[in-house]
Each structure stands twice: as C-alpha cells, then as structure tokens.
There are 2 protein chains.
Amino acid sequence: MPKLGMEPIRREALVKATIFEIGQTGSLDVTVSQIAKRAGMSSALAHHYFGSKEEMFLAAMRHVMTIYGAEVRGALCLAQSPLERIEAILAASFSAANFRREAVGAWLNFWVLAQSVPEAKRLLAVYQRRLRSNLLVGLRPLAGEEAEAIATGLGALIDGLYLREVLKSGPPDSGAAVSVARAYLAAQLREKV
Amino acid sequence: MPKLGMEPIRREALVKATIFEIGQTGSLDVTVSQIAKRAGMSSALAHHYFGSKEEMFLAAMRHVMTIYGAEVRGALCLAQSPLERIEAILAASFSAANFRREAVGAWLNFWVLAQSVPEAKRLLAVYQRRLRSNLLVGLRPLAGEEAEAIATGLGALIDGLYLREVLKSGPPDSGAAVSVARAYLAAQLREKV
DNA sequence: TTTTTTGTTGATTGACGCGTCAATAAACTT
DNA sequence: AAGTTTATTGACGCGTCAATCAACAAAAAA
C-alpha cells in the first residue's frame with residue numbers, strides 16, 4: 001500500500017541504517033541488503049533511492065558531519081568568551097556521541113574512503129576547514145597572529161587524540177583527551193607573554 | 001619447477017604484494033588473486049602459505065610496523081642528545097617513506113582493521129607503546145616528571161599530523177608537520193622554566 | 001630405488017553481492 | 001474513467017571471491 005511522500009523517510013532510514021551497519025561491522029564491508037533490511041525495506045528500493053552503494057556511503061558521511069557540525073554550533077552559541085569557545089569545540093569533539101560505535105566506524109572508514117573517492121576527500125576537507133575556522137574565532141583574540149599556527153596544531157591534535165582514544169582497548173576517556181588538548185593550548189598561549 | 005626453500009621468498013613476496021595492492025586500491029578490498037598475481041604465483045599458493053586473507057593482512061601489518069620501527073631505531077642511534085632523539089623520531093615519522101601510497105594505505109586501513117580484528121588492535125597498541133617509550137627516553141632528561149604528559153600529547157599529535165598530511169589534496173609537506181610538532185615541544189618545555 | 005616431503009597450479013565449489021527489470025498496486029491528475 | 005506518477009518487491013543475471021582439491025613435479029630421505 002504505497003503512501004506518497006516516502007522518499008525523505010526512506011532516505012533518512014537508509015542513511016541511519018548505513019551508519020549503523022558500518023559501525024556494527026567496523027568496516028565498509030556491508031551489503032546493500034544488510035542496510036536495506038535494517039532500514040526495513042528491500043534492497044531494490046535502496047537502489048531506487050540511491051543509485052549505488054557509494055551514494056549511500058556519501059550520504060551517510062554528509063549526515064555524520066552535519067550532526068557533528070550541529071553539535072559544535074550548539075555548544076558555541078553558549079560560549080561567552082574566546083576561551084569558552086575553544087572549550088566548547090573540545091567538548092563537542094570528544095563528546096560521548098562521537099565515541100559511539102557508529103560514529104567511530106563512520107570516521108575511520110571515511111578516512112579510508114577519502115583515499116579512493118574524491119567526493120569523500122572533499123567532504124573531509126570541508127569538515128577540517130570548518131573546524132579550523134571555528135578554532136580561529138576563539139584563538140585570534142587570545143593569540144593574535146600566532147592563532148593560525150596554533151589552530152593548525154590544535155586541529156591535528158584533536159584528530160590524533162580521537163584516534164588514540166578510539167583505538168585503545170577499554171572505554172575511551174574523553175576527559176583525558178580534553179586535558180591534553182587544554183595543556184597544549186595553555187603552553188602555546190603562555191608563550192605569548 | 002619447484003625449488004626448495006621457497007617459503008620465505010613466497011611469504012615475503014606476498015606480504016609486499018599485499019601492501020602494494022592495499023595502497024593501490026586505497027582499501028582492504030583487494031582479492032587474494034590480485035595479491036597472488038602481483039606476487040607472481042597462483043592464488044592457491046597464497047592460501048597454501050597463509051591460511052587465509054586475514055593472515056595476509058596481519059602479516060602485512062607486522063611488516064609495515066617492523067619497517068617503521070627499524071627506521072626509528074636507525075635514526076635514533078645517531079642521536080647524541082635528548083633533543084636529537086626526539087627530532088629523529090619526528091623525522092622518521094614524517095619521512096617520505098611513510099607518505100608513499102602503500103604506507104598510507106596500510107596505516108589507514110590498519111586503523112579500520114583494528115576495529116574488528118583483535119590481533120590488529122594488539123599490533124597497533126604495540127606500535128604506540130614503542131613510540132611512547134622512545135619519546136620518553138628523550139623527554140625525561142628535558143622535562144622530568146612532565147615527560148609522561150608531554151609524550152602523550154606528542155604521540156597523538158604525530159598521528160594527527162600524519163592523518164592531516166595524508167588526507168589533504170596535494171603532496172604532503174613533512175616539513176610543515178615537523179614544524180608544528182617542534183612548536184608543541186618548545187612550548188611545553190619552555191613552560192618548565 | 002622407493003618413499004616422503006615440499007612446491008605448485010588449474011579447476012572447482014559454494015556462496016554472495018550489486019544492480020536491473022518486470023510486475024503490482026496505491027495514490028494523484030485530467 | 002482512463003492515464004500518469006510514485007512506491008515497492010521478488011527474482012535473477014552476471015560476475016566475483018575465498019577456499020579446497022586433486023594432481024603433478026622435483027628434491028631429499030630412506
């Protein structure tokens with residue numbers, strides 16, 4: 001009994017199922033049938049809405065990055081000072097949400113995907129530019145001309161800390177990651193004076 | 001025309017071919033036939049020497065990490081001072097060898113593999129402990145008790161910088177990566193005084 | 001010399017996956 | 001009422017792939 005206007009619903013369900021299955025498997029080795037089943041439809045329908053599996057992956061990637069972007073924006077709008085802005089970004093980057101199996105699987109696999117799929121690389125570049133720009137808004141009042149260099153380091157440090165927390169055995173410790181990032185920042189800023 | 005003592009030769013050829021193909025494809029989506037062909041033998045022989053594809057991946061991973069370990073050791077034995085030790089590690093981490101397609105593909109995909117294959121996770125943990133320990137030898141004379149914390153940050157920063165250099169479009173700039181790491185170090189050490 | 005061990009492969013198996021297509025049916029349009 | 005668009009799926013073609021096996025070749029051991 002086909003109801004009209006299913007497209008957005010189906011697409012969203014497929015995107016979420018894609019992310020879930022990637023997280024579950026830990027790799028991009030998921031079948032369209034798996035995804036479709038999880039989303040409650042036939043694989044043919046999945047192909048109807050997204051032309052190919054790759055399109056599903058890219059849509060999932062956009063979704064993950066959109067969510068992360070929204071989290072950061074949400075945290076930023078409460079920030080009152082430059083330092084609070086940076087703290088907000090750190091908190092969002094190491095939030096529990098980002099350490100869920102699905103998010104972890106998504107990020108790690110998107111890094112891999114970026115190697116062979118230009119569009120995936122483009123999306124990652126967008127994410128990095130946004131993060132950098134957000135950091136700079138907070139850093140410029142604190143560090144002036146050195147803000148650029150500090151932002152470069154801090155951005156990389158965030159990714160590296162994330163990677164470490166995610167790959168170590170045992171539950172990730174976001175507090176520790178934030179502390180290290182804070183220490184980096186403190187050292188770089190103190191140098192200013 | 002079977003010659004004796006082929007096992008080590010075949011295994012090495014397969015390991016190198018595995019790394020090459022992963023780098024070429026940019027993913028773990030390589031077939032045993034591809035690998036075997038590249039290594040100049042039939043896929044059946046590949047299965048004969050390694051029981052399964054996963055074993056090939058793990059052997060390849062060990063190989064990549066062994067190479068990297070050797071590079072670091074080689075650079076370290078020339079180091080005369082604590083600071084030179086750290087510089088040596090940085091140079092090795094961002095060496096041209098590590099930015100080859102094959103090395104990049106290997107590292108990124110091993111991070112993904114670690115999600116689902118415990119042995120892969122274990123190997124990565126070994127690598128991280130070794131890096132940390134190497135850093136500490138250099139850091140302790142310079143930073144005393146704070147060495148541990150600095151090593152944690154520096155280790156993560158190295159991974160993060162590597163990731164950034166690798167994922168950006170255009171050729172990687174190892175000089176830039178080393179500069180950022182050096183700046184981090186300088187800031188953390190100056191704080192001491 | 002016979003036997004065993006080691007090296008090697010073509011062919012095969014059994015399974016699985018992506019993407020397509022024809023067919024069905026409900027909802028809108030005219 | 002007839003036609004069009006949207007939603008939906010079962011079946012399937014065509015290809016792929018990991019792993020196995022039987023069989024053959026050459027060196028080593030007995």
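So you know, we letter chains A, B, ... as the sequences are listed, proteins then strands, and number each from 1.
- In this structure, Phe99(A) has its ring center no closer than 6.0 Å to that of Trp107(A).
- The closest donor-acceptor contact from the side chain of Thr18(A) to the backbone of Leu14(A) lies under 3.5 Å.
- For the OP1/OP2 pair of dT8(D) and a distance below 4.0 Å, the side-chain nitrogens and oxygens of Tyr49(A) include at least one atom meeting the criterion.
- For the residue pair Arg122(A) and Ser169(B), no side-chain donor N or O sits within less than 3.5 Å of a side-chain acceptor on the partner.
- Between Arg10(A) atom CZ and dT9(D) atom C1' there is a gap of 11 Å when expressed in whole angstrom units.
- If you measure from atom CE of Met41(A) to atom P of dT8(D), you get 8 Å, rounded to the nearest angstrom.
- Distance CG (Leu45(B)) to C1' (dA18(D)): 15 Å, rounded to an integer number of Å.
- Taking atom CD1 of Ile9(A) as the reference point, atom P of dT6(D) lies 16 Å away to the nearest angstrom.
- Rounded to whole angstrom, the span from the CG atom of Leu14(B) across to the P atom of dA18(D) amounts to 13 Å.
- Spacing between atom NZ of Lys37(B) and atom P of dT8(C) amounts to 19 Å, rounded to whole angstrom units.
- Atom pair Arg11(A):CZ and dT6(D):C1' shows a separation of 15 Å (rounding to whole Å applied).
- In this structure, Trp111(A) and Tyr162(A) have perpendicular ring planes: the angle between them is above 60°, well past the 30° mark.
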Classify every nucleotide of nucleotides 17-22 of chain C by which part a protein heavy atom approaches to under 4.0 Å, writing B for the base, S for the sugar-phosphate alone and - for neither, in 5'-to-3' order. SSBBB-
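- In this structure, CG of Leu4(A) is placed 12 Å from C1' of dT4(D), rounded to the nearest angstrom.
- Pairing each heavy atom of Ala103(B) with each of Asn98(B), the nearest pair is CB-O, 3.6 Å.
- In plain terms, the two heavy atoms of Ala92(B) and Glu71(B) that are nearest each other are O-OE1, 3.7 Å.
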